[in-house]
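Heads up: the structure comes next, in structure tokens.
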Amino acid sequence: MNWVNDVGEELVLDAMQRALERGKSNWSYVKGILQAWAKKGITTVEDAKAEEAAFRRSRQQGDICLPLGQGKLCRTGSTNGSVRRS
């Protein structure tokens, strides 16, 4: 109930649905999703969907990103293997 009070029922239910879709039916997995979202500043289901879409795009492109200060340092999956900050 603390998570529902902190982030709202809709976001908690979305995290639970995602956990079940991945074959995980334990609260610790859901809690991990919620904690990751909290660190990223995700506060709505729409934010979570946008983050997931961006993640899928970067995986399709083969990007590899590491946290760096206020942004990220990424190696793109393009043929030249360029590095960019975002």
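Numbering of residues begins at 1 and proceeds along the displayed sequence.
Applying the salt bridge (Lys or Arg N to Asp or Glu O under 4.0 Å) test to pairs two or more places apart or on separate chains, those with a residue in residues 18-36 are Asp14-Arg18, Arg18-Glu52, Arg22-Glu52. Within the structure, every pair that satisfies the salt bridge (Lys or Arg N to Asp or Glu O under 4.0 Å) test and touches residues 37-49, not counting sequence neighbours, is listed here: Lys40-Glu51.
When the side chains of ILVMFWY residues are joined at heavy-atom separations under 4.5 Å, either directly or via intervening members, Phe55 and Ile33 end up in two distinct hydrophobic clusters.
The nearest pair of heavy atoms linking Val30 to Ala19 is CG2-CB, 3.7 Å. Listed here is the closest heavy atom pair of Leu34 and Ala15: CD2-CB, 3.7 Å.
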Contacts under 3.5 angstrom, residues 1-12 side chains, donor-acceptor by atom type, not counting sequence neighbours:
unit_1 : atom_1 : unit_2 : atom_2 : d
Asn5   : ND2    : Met1   : O      : 3.4

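Among residues two or more places apart in sequence or in another chain, the side chain to side chain donor-acceptor pair (under 3.5 Å) test is passed with Asn26 by Ser28.
Here CH2 of Trp37 is found 9.5 Å from OG1 of Thr44. Values are rounded to the nearest 0.5 Å.
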